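First up is the structure itself, then whatever we jot down about it.
Because the structure is a prediction, the values reported are computed rather than measured. Each chain gets a letter, A, B and so on, in the order the sequences are listed, and its residues count up from 1.
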Amino acid sequence: MTHTGSATAHLLAEPARVVAPRLLGSTVSTCVDGRTVSIRLTEVEAYEGGIDPGSHGYRGRTARNSALFGPPGTLYVYFTYGMHHCANIVCGTDGTASAVLMRAGEVVSGVDTAVARRGRAGAPGPQLASGPARLAQALGLTLEHTGLPVDHGTAGIHGVGTIALEHVADRAPLHSTGPRTGVSGPGGGPEYPWRFWLEGERSVSRYRPAAVRRRESGGRPAGGAAAGAAGPRG
DNA sequence: TATCTGATCGACT
DNA sequence: GTCGATCAGATAG
C-alpha cells in the first residue's frame, strides 16, 4: 500500500519507535540542484527526545535541534564529526523531538547522481548509501535542508530542494531489531533496541558499538579535540 | 571564553 | 584492526 501527501504525515504522527519499522522498504526521494535521487530504506533508528539519552533532543530545545521539535514530517539534518551530515524524519506530535534516523538504503533511482555526490569513494552497489552520512550525502542533504517539510509537494518554495517519502506501509514489514549503532552512554544499551533493519539486505550497515574516546593527558590544540582518540571498535 | 564531545567514514598497516 | 580528519554546538568555569 502506498501513501503520499497528507496520508504520510498522518502515519508519522506516532512515536519514532513505532514509525521507524514502517519506513523500512519505503522510498525517500530528494530533488536537490535539479537532480533527483531515490533510496529504498533498509535500516533506520528511532530517537525519542526527552526520554531518550541518545537523542539530540534529550536535553531540551536549542537553536541547533529546533527542527527536531517541529511537527511530524519535518526533515532534521545535523552535522557531526566535522564532516558528516545525517538526516532524520521528525515523528510523533509537535514538540516531542521524536525522530527516525535514516541509516542505510538502496539507491533505486539517480544512481549516477548519488555516485557523483559521494565523490572518490562513490561506486554503484549496496555500499553507496550504507551508513547515515553516506545516505545523506547520496541524497544531497545538508544543514540547509533542515526544516524542510517531507512530502508536501512544495517544489520550488524553499529553493534548496524537496524531499518526499513514498510507499510507506500500513504495517511494518518483517524486520530485525537491536541496539542502536554508535550511540554512547545508556542510550546505546539494550534498553533501547530501537535500530530496525531488513534482514538480508546488503545495504544494511555493519553494527558498530559506540566508540570510546581516550583523553589525552596533556593539552591539545585548540579546535582539534577528537584527533587520534578513536577507541576500540568492531 | 575555553574546552570538549560527537547518531562517522575511509585510508592505512 | 587502528587511527586521523574536521567543525558546530554544548557545557564548564
- Query: Are Arg59(A) and dT11(C) close enough that a side-chain N or O sits under 4.0 Å from OP1 or OP2?
  - Reply: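 The answer is yes; a side-chain N or O of Arg59(A) sits under 4.0 Å from OP1 or OP2.
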- Is the shortest side-chain N/O distance from Arg134(A) to OP1 or OP2 of dG10(B) below 4.0 Å?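 Yes, within the criterion.
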- Query: Touch check for Gly131(A), heavy atoms < 4.0 angstrom, all strands: base, sugar-phosphate only, or nothing?
  - Reply: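 Contact class for Gly131(A): sugar-phosphate only.
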- Query: Looking across every strand, which nucleic acid part, if any, lies under 4.0 Å from Arg195(A) by heavy atom: base, sugar-phosphate, or nothing?
  - Reply: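 Here Arg195(A) touches no strand at all.
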- Message: Would you say that more than 12 heavy atoms from the other residues, nucleotides or ligands in this model lie under 6.0 Å from the CZ of Arg202(A), or not?
- Response: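 Open: at most 12 neighbouring heavy atoms sit under 6.0 Å from CZ of Arg202(A).
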- Query: What nucleotide among dT8(B), dA10(C), dG10(B) has an atom nearest to a side-chain atom of Pro132(A)?
  - Reply: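 Output: dT8(B).
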- Carefully, step by step, assess Asp33(A) and Arg117(A) under the rule salt bridge (Lys or Arg N to Asp or Glu O under 4.0 Å). CA-CA 11 Å; Asp33(A) 294 332; Arg117(A) 284 174 177 160; 5.2 Å; no
Provide, to the nearest angstrom, the distance between the [atom1] atom belonging to [X] and the [atom2] atom belonging to [N].
X         : N       : atom1 : atom2 : result
Tyr47(A)  : dG6(B)  : OH    : P     : 13 Å
Tyr76(A)  : dG9(C)  : OH    : P     : 10 Å
Tyr78(A)  : dC7(C)  : OH    : C1'   : 15 Å
Met83(A)  : dA11(B) : CE    : P     : 12 Å
Gln127(A) : dC9(B)  : CD    : P     : 11 Å
Asn65(A)  : dA7(B)  : CG    : P     : 13 Å
Phe79(A)  : dT6(C)  : CZ    : C1'   : 7 Å
His84(A)  : dG6(B)  : NE2   : P     : 15 Å

- Would you name the heavy atoms of Val100(A) and Cys91(A) that are closest together and state the gap between them?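 Residues Val100(A) and Cys91(A), closest heavy atoms: CG2-SG, 3.5 Å.
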- Message: Is it the case that dA7(B) (base atoms only) and His56(A) (side chain only) share a donor and an acceptor within less than 3.5 Å, ignoring hydrogens and angles?
- Response: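 Yes, a donor-acceptor pair under 3.5 Å.
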- Query: Donor-acceptor pair under 3.5 Å: do we get one between Tyr81(A)'s side chain and the base of dA5(C)?
  - Reply: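 Donor-acceptor pair under 3.5 Å: no.
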- Item | 4.5 Å side-chain heavy-atom contact, Leu23(A) and Val168(A) |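 A side-chain contact under 4.5 Å exists here.
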- Task: May I ask you to test the Val90(A)-Leu12(A) pair for a side-chain heavy-atom distance under 4.5 Å?
- Result: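 Val90(A) vs Leu12(A): side chains apart.
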- Message: Applying a 3.5 angstrom cut-off to the pairing atoms, does DNA chain B sit in any stems of at least three consecutive Watson-Crick or G-U pairs? List them by first number.
- Response: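 Counting only runs of 3 or more consecutive pairs, the stems involving DNA chain B are B:1-6 with C:7-12, B:8-12 with C:1-5.
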- Supply the atom-to-atom distance His175(A) NE2 to Trp197(A) CH2, rounded to the nearest 0.5 angstrom.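 One finds 9.0 Å between NE2 of His175(A) and CH2 of Trp197(A).
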- Message: Nearest heavy atom decides the nucleotide; on that basis, is Thr181(A) or Arg120(A) closer to the 5' end of DNA chain B?
- Response: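 Between the two, 5'-proximity favours Thr181(A).
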- Query: Parallel, tilted or perpendicular: which fits the ring planes of His85(A) and Phe79(A), with parallel below 30° and perpendicular above 60°?
  - Reply: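 Ring orientation of His85(A) relative to Phe79(A): tilted.
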- Message: Need to verify one output field. Residue with the more 5' nearest nucleotide on DNA chain C, Thr80(A) or Thr62(A)?
- Response: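 Whichever sits nearer the 5' end wins; that is Thr80(A).
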